[in-house]
Amino acid sequence: DAPAPGPPSEPAARAGEASALEALVGSYFNNRPLLERAVQRYLLNQAAIESAAAAAGTQALFVWQPVPTYGYDLRLHPFAEQGFGQHTYSLYGYPLMAELVSRHDLGSNFAWCADVQASAREPLYVDQVHYGAALSRLVAECIAGGVRRRHEHAR
């Protein structure tokens, strides 16, 4: 007879706790119906703002901004271990929006800037979600590109 297994080692127990916590967090924040409603609400808001801008004789530019939970190496994020609270929805919602953007043209007044940090090799955040100077510059460049595309399209 083999001896009965003993209790798991402390690192193994912590790994089990971490994976159980990740599953719980994932089941809460990865709420597909909720995320789909948020995307639909965004599209409705975009249409309403476009109408209001047209009525006022101006143009709107919609910018989908970067977040640390999408396309960014969290090993570079100095605050990632503290978690992202309600911003954790973006971990699941951004891929959903990226899928929509890849399949549907959201117009010349839409700038997808969520990927500007994809090749980053330095910390870009000053806290959980706020941009430092380098990321602010990348976002500004992306917005400027969106303004140029919008202007070219309007000609």
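The figures here come from the full heavy-atom set of this structure, side chains too, leaving out hydrogens, waters and symmetry mates. All residue numbers in this chain count up from 1 along the given sequence.
Aromatic ring pairs are classed by plane angle as parallel below 30°, tilted from 30° to 60° and perpendicular above 60°; the pair F84 and H77 is perpendicular. Ring planes of F110 and Y42: perpendicular class, angle over 60° (limits at 30 and 60°).
In this structure, the separation between CG on L43 and CZ on R41 is 11.0 Å, given to the nearest 0.5 Å. Note that the CD atom of E122 and the CG atom of D73 stand 12.0 Å from one another [nearest 0.5 Å]. The line from CG of L91 to OG1 of T69 is 5.5 Å long, rounded to the nearest 0.5 Å.
Listed for the D127 side chain is a donor-acceptor partner under 3.5 Å among the backbone atoms of H130.
Considering all non-hydrogen atoms of both residues, R150 and A60 come closest at NE-O, 4.2 Å. Smallest separation of non-hydrogen atoms from L35 and N30: CD1-OD1, 4.3 Å. Taking all atoms of both residues into account, the shortest heavy-atom contact from Y72 to L76 is OH-CB, 3.4 Å.
Residue pairs that meet the disulfide bond (SG atoms under 2.5 Å apart) test with at least one member in residues 119-155, sequence neighbours left out, are C113-C142. Sorted by first and then second residue, the disulfide bond (SG atoms under 2.5 Å apart) pairs involving residues 37-112 (not counting sequence neighbours) form an empty list.
With sequence neighbours left out, S51 forms a side chain to side chain donor-acceptor pair (under 3.5 Å) with no residue at all. Qualifying side chain to side chain donor-acceptor pair (under 3.5 Å) partners for E36, counting only residues two or more places apart in sequence or in other chains: R32. Residues that satisfy the side chain to side chain contact (heavy atoms under 4.5 Å, CB included) test with T58, not counting sequence neighbours, are A53, A56.
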Donor-acceptor contacts under 3.5 Å from residues 92-107 side chains, at least two apart:
unit_1, atom_1, unit_2, atom_2, d
Y94, OH, Q65, O, 2.7
E99, OE2, R103, NH2, 3.0
S102, OG, E99, O, 2.8
D105, OD1, G107, N, 2.9

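Follow the hydrophobic side-chain contacts under 4.5 Å out from L74 and you never reach Y70; the two are in separate clusters. The hydrophobic cluster containing I49 does not contain L61, counting ILVMFWY residues as joined when their side-chain heavy atoms lie under 4.5 angstrom apart, directly or transitively. When hydrophobic clusters are built by joining Ile, Leu, Val, Met, Phe, Trp and Tyr residues whose side-chain heavy atoms come closer than 4.5 Å, directly or via intermediates, L135 is not grouped with F79. Note on V139 and V147: same hydrophobic cluster, where clusters join Ile, Leu, Val, Met, Phe, Trp and Tyr whose side-chain heavy atoms are under 4.5 Å apart, directly or indirectly.
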Test log, rule side-chain contact (heavy atoms from CB on, under 4.5 Å), inputs V67 and H87: CA-CA 9 Å; V67 292; H87 295 284; over 6 Å; no
Show your working on side-chain hydrogen bond (donor to acceptor under 3.5 Å, both in side chains) between Q117 and Y131 and close with a plain yes or no. CA-CA 11 Å; Q117 63 191 358; Y131 307 159; over 6 Å; no
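With respect to P66, the side chain to side chain contact (heavy atoms under 4.5 Å, CB included) criterion is satisfied by exactly one of V116, L124, V129: V116.
Within the 4.5 Å cutoff, no side-chain heavy atoms of N109 are placed close to those of H153.
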